[in-house]
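Computation of the quantities below employed the complete heavy-atom set of this structure, encompassing side-chain atoms and omitting hydrogens, waters and symmetry-equivalent molecules. Source: prediction; values computed, not measured. To find a chain, count down the sequence lines: A is the first, B the second, and so on, and within it residues start at 1.
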Protein chains: 2
Amino acid sequence: MAKGDLCVTRVPIFQGLTHQQQLHVAEFIRPLSVRRGEPVYTPGDSVSRLLVVHSGQLKVSHLAANGQEQVLRTVTEGDVVGERAFLSGHRPNDLLLALEDSQMCVFNHADLSNLIRDYPEISQQMLQTLSDRLASVERQLVAITSSDVTARVAAYLLDLTSAGRGRIPTVRLPMAKKEIATYLGTTPETLSRRLAELSASGTIQLQGRRDVLVLDLDALERLAMPQ
Amino acid sequence: MAKGDLCVTRVPIFQGLTHQQQLHVAEFIRPLSVRRGEPVYTPGDSVSRLLVVHSGQLKVSHLAANGQEQVLRTVTEGDVVGERAFLSGHRPNDLLLALEDSQMCVFNHADLSNLIRDYPEISQQMLQTLSDRLASVERQLVAITSSDVTARVAAYLLDLTSAGRGRIPTVRLPMAKKEIATYLGTTPETLSRRLAELSASGTIQLQGRRDVLVLDLDALERLAMPQ
DNA sequence: GGAACTCCTTGACGTAGGTCAAGTTTGCGC
DNA sequence: GCGCAAACTTGACCTACGTCAAGGAGTTCC
């Protein structure tokens with residue numbers, strides 16, 4: 001119950017409901033655990049469920065015809081995945097894979113459809129969520145076409161910094177650099193070089209493989225600006 | 001009434017309603033005409049209305065901080081614009097501008113909110129629409145990062161060809177090449193060169209400034225494939 | 001705790017495509 | 001129609017970034 005509770009109360013899409021209603025919703029949750037490295041679904045799977053991340057971290061990525069991977073986004077606690085397949089009934093053309101051991105809350109199609117019928121507020125919140133996602137992808141698109149890699153890396157680091165509130169300028173990279181590179185529309189080699197430059201200029205400091213210490217926030221912000 | 005009727009009956013988001021209900025919805029429509037070249041809204045405008053295109057064609061684009069324009073999509077009859085500002089109440093950070101003289105149907109925030117409360121089916125359809133848009137932007141993103149300009153141009157022409165049903169392989173470009181270039185994540189110069197190459201290889205034939213005759217669909221399809 | 005990964009970094013190199021600049025065409029307004 | 005401005009094309013050049021390759025550094029799994 002604790003799990004279901006968390007998924008229902010902390011997730012934006014059920015925010016519009018009363019506590020009573022949230023409890024009702026929670027009854028339909030089925031838990032799902034995935035180990036790091038395991039896929040939740042792969043392109044073409046006939047899934048039609050809505051997934052809410054309860055704990056852990058996963059990546060959503062698109063596989064091009066040539067097998068090339070493009071990371072579209074990462075999701076963590078409270079994020080929702082699978083609306084598209086859920087709404088359209090189409091098979092997903094993307095891939096959801098656990099970056100760490102993760103727990104998810106699953107709603108199957110029939111259950112959630114009924115819930116939505118009973119509680120139209122859920123659609124409202126889903127609209128909001130989708131609309132934010134859309135804005136975010138559009139921002140990513142504009143960034144990739146109109147800034148160079150240095151600017152994108154800087155913006156990405158700023159993003160991570162602000163996500164981890166508390167003025168602690170140490171950020172932990174959520175994925176391997178290889179994957180971050182595809183998310184930023186570049187290659188591991190180029191990403192590595194740009195990070196090395198930022199490090200050389202004293203803007204950041206690389207600590208091990210996964211951690212970055214931000215030394216000069218202002219400089220990062222200046223770099224993140226187009227030209 | 002004819003206008004309102006068209007906007008309401010032909011648009012996906014009102015598709016779930018009965019004819020009776022559609023008539024009710026139509027009462028809240030306010031018409032809006034724009035001349036070619038005129039903006040409907042610009043970044044920062046305090047609009048909070050939902051717009052449905054009744055006739056004509058417009059472009060939605062994003063202006064980067066340096067003034068650089070990135071066309072996000074074009075919209076025509078039946079397409080919906082402004083959901084994001086409508087849903088979030090935020091000011092838009094994009095720009096809607098008429099490519100031809102166009103007519104739109106406008107819903108103000110209060111009216112549509114009420115309608116949605118009365119007819120939850122509207123949210124359902126909006127979800128569907130947004131979800132399709134999201135998929136489309138993600139596709140665009142993947143295309144820009146994983147194919148070269150030739151492939152993107154080929155894919156774009158194929159897109160236009162299939163949109164204009166009827167096996168007539170003549171497509172009319174919806175925008176100036178300058179703008180198409182930004183949509184494809186490139187520059188007018190490069191687009192011009194790639195079109196010239198396609199023309200030289202006998203795949204297409206350029207007719208005037210705006211029309212392209214597709215001579216070899218198969219070749220285009222081959223080029224549109226990644227590598 | 002060591003072997004064997006995989007991940008990452010660095011170097012050298014080639015090139016697609018961006019930029020700048022100068023013509024050419026086209027369509028629009030008057 | 002005429003003239004002008006915007007749109008487009010073509011050329012020359014350059015550079016950011018991708019690719020290929022080889023050497024290190026961390027992890028993970030027995």
Tell me the interatomic distance from [X], atom [atom1], to [N], atom [atom2], rounded to whole angstroms.
X         : N       : atom1 : atom2 : result
Leu191(A) : dT19(D) : CG    : P     : 14 Å
Leu184(A) : dA16(D) : CG    : C1'   : 16 Å
Asp148(B) : dG17(C) : CG    : C1'   : 10 Å
Arg152(A) : dG18(D) : CZ    : C1'   : 12 Å
Glu100(B) : dG27(C) : CD    : C1'   : 16 Å
Met175(A) : dC7(C)  : CE    : P     : 13 Å
Asp211(A) : dC8(C)  : CG    : C1'   : 15 Å
Ile144(A) : dG18(C) : CD1   : P     : 14 Å

* Carefully, step by step, assess Phe107(B) and Phe86(B) under the rule ring pair (Phe, Tyr, Trp, His ring centres under 6.0 Å). => CA-CA 10 Å; Phe107(B) 293 89; Phe86(B) 176 80; 8.8 Å; no

Closest to the 5' end of DNA chain D, once Glu189(A) and Thr150(A) are matched to their nearest nucleotides, is Thr150(A)

| message | Nearest heavy atom decides the nucleotide; on that basis, is Arg194(A) or Arg210(A) closer to the 5' end of DNA chain D? | response |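 The answer here is Arg194(A).
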
Closest contact, heavy atoms only, Glu179(B) versus Val71(B):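 Scanning both residues completely, I find the closest heavy atoms to be O-CG2, 3.6 Å.
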
Review point. Has the side chain of Arg193(A) got a donor or acceptor atom sitting under 3.5 Å from an opposite partner on the base of dG11(C)?
Key: yes

Has the side chain of Arg209(A) got a donor or acceptor atom sitting under 3.5 Å from an opposite partner on the base of dC7(C)?
yes

side-chain N/O [X] vs [N] OP1/OP2, d < 4.0 Å:
X         : N       : result
Ser192(A) : dC8(C)  : no
Lys177(A) : dC7(C)  : no
Thr186(A) : dG18(D) : yes
Thr190(A) : dC17(D) : no

If you measure only the distance, is there a donor-acceptor pair under 3.5 Å linking the side chains of Asp132(B) and Thr129(B)? no

Practice task
Give a yes-or-no answer on whether the side chains of Thr145(B) and Gln70(A) include a donor-acceptor pair shorter than 3.5 Å.
Solution key: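 Indeed, the side chains of Thr145(B) and Gln70(A) share at least one donor-acceptor pair under 3.5 Å.
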
Side-chain contact check for Val149(A): nearest option of dC7(C), dC17(D), dG17(C) is dC17(D)

By nearest-heavy-atom nucleotide on DNA chain C, the more 5' of Arg36(B) and Gly185(B) is Gly185(B)

I'd like to know whether NZ of Lys177(B) has more than 12 heavy-atom contacts from other residues, nucleotides or ligands below 6.0 angstrom.
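Yes, enclosed.
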
